[in-house]
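Read the structure below first, then the notes.
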Amino acid sequence: MDLGLHGKSVIVAASSKGLGKATAKQFAAEGAKVIISSRSREELEKAQEEIRSETGNNNVSYIVCDITNPTSVKELVVKTIELNETIDVLVNNAGGPPAGNFDDVSDEEWTNAFELNLLSFVRLIREVLPYMRRQGSGHIVNIASSSIKQPIDNLILSNTFRAGIVGLAKSLSQELAPDNILINTIGPGRIGTDRVKHLDEFVAKQQDMRYEDVKSKAESSIPIGRYGEPEEFANLVVYLCSGANTYITGQSLLVDGGMVKAL
């Protein structure tokens with residue numbers, strides 16, 4: 001199937017590693033013009049080289065961006081326009097907030113998580129919309145967490161703000177449909193990234209268990225019996241942002257191997 005992504009202009013936020021990098025790589029493999037971004041120039045240079053090498057697509061550029069800084073967000077979009085003239089796809093993504101229960105979290109941590117995991121998505125969407133509206137089309141995908149369907153223990157910050165992303169996308173799906181702009185949210189389950197490894201290590205330390213035992217226990221709760229691969233997650237993002245998707249909007253989907261039992 002031709003996904004119609006060749007030559008399309010794509011921004012993937014927080015894409016120097018993990019799910020963001022895997023997603024950027026899949027877009028590059030489809031021939032898109034991909035902008036990767038994060039706060040670390042060094043990590044972006046490594047990611048750019050890896051993606052170009054593995055996909056054969058040299059039209060992969062990086063822009064350093066702190067998505068908690070509104071000026072930096074504006075600069076990301078302006079520089080993308082300078083390079084690619086327009087924006088067809090935005091993939092919102094951000095690193096997860098610290099683990100912890102309600103009594104563990106300070107006001108400062110609440111504020112930081114809000115700016116990182118919800119307000120950054122709002123700002124990026126706000127900046128790309130004029131270009132998508134002008135051309136009468138666009139695709140936006142928000143990367144969230146499986147907690148959008150079922151809260152996760154010890155992740156009060158993530159549980160709160162990921163749910164906010166769903167409300168944002170559902171509302172925007174109604175407002176943006178007349179402009180042919182589709183927006184969806186995808187929640188990864190336990191995908192084999194550094195973030196999931198960090199959370200497993202946190203649980204292991206908290207419960208005085210070996211990391212390997214924590215991971216094994218988690219895998220046993222997944223019907224498919226293993227953690228997902230970042231590429232398996234990225235495949236759905238790319239499909240939803242492609243020319244093959246002309247009617248799916250306002251939806252919240254999980255890539256979790258059947259782990260979450262909630263409807």
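Computed over heavy atoms, backbone and side chain alike; hydrogens, waters and symmetry mates excluded.
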Original post:
Do you reckon Ile165 sits in the same ILVMFWY cluster as Leu155, going by side-chain contacts under 4.5 Å, direct or chained?
Top reply: no

Original post:
Nearest heavy-atom pair of Thr185 and Ala169: which atoms, and what distance?
Top reply: OG1-CB, 3.4 Å

**OP:** Output the distance between atom OG (Ser147) and atom CG (Asn159), rounded to the nearest 0.5 Å.
**Re:** 4.5 Å

**OP:** Please tell me if the side chains of Pro97 and Arg162 come closer than 4.5 Å, counting only heavy atoms from C-beta onward.
**Re:** yes

Subject >> Common cluster, Leu83/Leu76, ILVMFWY with side-chain heavy-atom separation under 4.5 Å >> reply: yes

**OP:** Write out all pairs satisfying salt bridge (charged side-chain N to carboxylate O under 4.0 Å, His left out) with one or both partners inside residues 88-110, taking only residues at least two apart or from two chains.
**Re:** none

Original post:
If every non-hydrogen atom of Ala99 is compared with every non-hydrogen atom of Leu199, which pair is closest and at what distance?
Top reply: CB-CD2, 4.3 Å

**OP:** With the side chain counted from C-beta on, respond yes when Pro188 and Leu19 share a heavy-atom pair under 4.5 Å apart, and no when they do not.
**Re:** yes

Original post:
Yes or no on side-chain contact (heavy atoms from CB on, under 4.5 Å) for Ile51 and Val34, after CA distance, side-chain angles and deciding distance?
Top reply: CA-CA 10 Å; Ile51 294 169; Val34 183; over 6 Å; no

Original post:
Is a side-chain donor-acceptor pair under 3.5 Å present for Thr86 with Gln135?
Top reply: yes

Original post:
Quick one: CG on Leu240 to CG on Leu182, what's the gap to the nearest 0.5 Å?
Top reply: 9.0 Å

Subject >> Side-chain (Arg52) to main-chain (Asn57) donor-acceptor, under 3.5 angstrom >> reply: no

Subject >> Residues Asn84 and Tyr131: side-chain donor-acceptor under 3.5 angstrom >> reply: no

Original post:
Does Leu118 belong to the same Ile/Leu/Val/Met/Phe/Trp/Tyr cluster as Phe102, with side-chain heavy atoms less than 4.5 Å apart forming each link?
Top reply: yes

**OP:** Examine Ile67 and Leu172 and state if one hydrophobic cluster contains both, with Ile, Leu, Val, Met, Phe, Trp and Tyr joined whenever side-chain heavy atoms are less than 4.5 Å apart.
**Re:** yes

Subject >> Closest non-hydrogen atom pair between Ala28 and Thr55, with its separation >> reply: CB-OG1, 3.8 Å

Subject >> Shortest non-hydrogen contact from Gln48 toward Val60 >> reply: NE2-O, 2.9 Å

Original post:
Do Ile36 and Ser16 come within less than 4.5 Å of each other through their side chains, counting heavy atoms only?
Top reply: no

Original post:
At what distance, to the nearest 0.5 angstrom, does CD of Glu127 lie from OG1 of Thr80?
Top reply: 11.0 Å

**OP:** Evaluate the ring planes of Phe114 and Phe161, with Trp represented by its six-membered ring, and classify them as parallel (under 30°), tilted (30 to 60°) or perpendicular (over 60°).
**Re:** tilted

**OP:** Test side-chain contact (heavy atoms from CB on, under 4.5 Å) on Leu176 and Arg133 and set out the steps.
**Re:** CA-CA 9 Å; Leu176 301 180; Arg133 283 179 167 138; 3.5 Å; yes

Subject >> Derivation of the side-chain contact (heavy atoms from CB on, under 4.5 Å) call for Lys46 and Lys17 >> reply: CA-CA 9 Å; Lys46 292 178 184 176; Lys17 58 181 67 175; over 6 Å; no

**OP:** Report yes if some heavy atom in the side chain of Asn92 is under 4.5 Å from a heavy atom in the side chain of Ile143; otherwise report no.
**Re:** no

Original post:
Short question: side chain of Ser216, backbone of Glu212 - any donor-acceptor pair under 3.5 Å?
Top reply: no

**OP:** Answer yes or no: is there a side-chain heavy-atom contact under 4.5 Å between Ile140 and Met132?
**Re:** yes

**OP:** Could you check if a side-chain atom of Lys25 sits within less than 4.5 angstrom of a side-chain atom of Glu54, using non-hydrogen atoms only?
**Re:** yes

Original post:
Between OG of Ser15 and CG of Leu44, what distance do you get to the nearest 0.5 Å?
Top reply: 6.5 Å

**OP:** Would you mind checking if Arg226 and Glu232 are paired as a salt bridge, meaning a charged N to carboxylate O distance below 4.0 Å?
**Re:** yes

Subject >> Backbone N/O of Gly192 and side chain of Glu229: donor-acceptor pair under 3.5 Å >> reply: no

Original post:
With no hydrogens and no angle check, do the side chains of Tyr62 and Glu45 hold a donor and an acceptor under 3.5 Å apart?
Top reply: yes

Subject >> Sidechain-backbone polar pair: Ser173 side chain, Lys170 backbone, donor-acceptor under 3.5 Å >> reply: yes

Original post:
Of all heavy-atom pairs between Cys241 and Val91, which one has the smallest distance, and what is that distance?
Top reply: SG-CG2, 4.4 Å

Original post:
Taking the side chain from Lys8 and the backbone from Ala32, do they hold a donor-acceptor pair closer than 3.5 Å?
Top reply: no

**OP:** Report yes or no: does His6 contribute a side-chain atom to a donor-acceptor pair with the main-chain N or O of Lys33 at less than 3.5 Å?
**Re:** no

**OP:** Group every Ile, Leu, Val, Met, Phe, Trp and Tyr by side-chain heavy-atom contacts under 4.5 Å, then state whether Ile248 and Val166 land in the same group.
**Re:** no

Check residues 119-126 and write down every donor-acceptor pair under 3.5 Å in which the side-chain atom is one partner and the other belongs to a residue at least two apart or another chain.
residue, atom, partner, partner atom, Å
Ser120, OG, Leu116, O, 2.6
Arg123, NH1, Thr68, O, 3.3

Original post:
Of the options Glu231, Glu43, Glu50, which is the one that meets Lys21 in a salt bridge (Lys or Arg N to Asp or Glu O under 4.0 Å)?
Top reply: Glu50

**OP:** Check whether any side-chain heavy atom of Val237 sits under 4.5 Å from a side-chain heavy atom of Gln26, and report yes or no.
**Re:** no

Original post:
Out of curiosity, Glu85 CD to Ile87 CD1, how far, rounded to the nearest 0.5 Å?
Top reply: 12.0 Å

Subject >> Side chain Ser220, main chain Lys217, donor-acceptor under 3.5 Å >> reply: yes

Subject >> Gln207 atom CD, over 12 foreign heavy atoms within 6.0 Å >> reply: yes

Original post:
Do any N or O atoms from the side chain of Asn245 and from the backbone of Tyr239 form a donor-acceptor pair under 3.5 angstrom?
Top reply: no

Original post:
Would one find more than 12 heavy atoms of other residues, nucleotides or ligands at under 6.0 Å from atom CZ of Arg195?
Top reply: yes

Original post:
Which distance, rounded to the nearest 0.5 Å, do you find between the CG of Asp66 and the OG of Ser72?
Top reply: 5.5 Å

Original post:
Under 3.5 Å, is there a donor-acceptor pair linking the side chains of Asn142 and Asn184?
Top reply: no

Subject >> pair Ile183-Val141: side-chain heavy atoms closer than 4.5 Å >> reply: no

Extract all donor-acceptor atom pairs below 3.5 Å that involve side chains of residues 252-263 and protein atoms in other chains or at least two apart in sequence.
residue, atom, partner, partner atom, Å
Asp256, OD1, Gly258, N, 3.0
Asp256, OD2, Met259, N, 3.3
Asp256, OD2, Val260, N, 2.8

Subject >> Nearest atoms (heavy-atom pairs only) where Tyr227 meets Ala218 >> reply: OH-CB, 3.3 Å

Original post:
If only atom types and distance count, is the side chain of Asp179 paired as donor or acceptor with the main-chain N or O of Gly136 below 3.5 Å?
Top reply: no

Original post:
Using 4.0 Å as the upper bound for N to carboxylate O, is an ion pair formed by Asp200 and Lys215?
Top reply: no

Subject >> Test side-chain contact (heavy atoms from CB on, under 4.5 Å) applied to Trp110 and Ile156, step by step >> reply: CA-CA 10 Å; Trp110 277 106; Ile156 185 68; 3.9 Å; yes

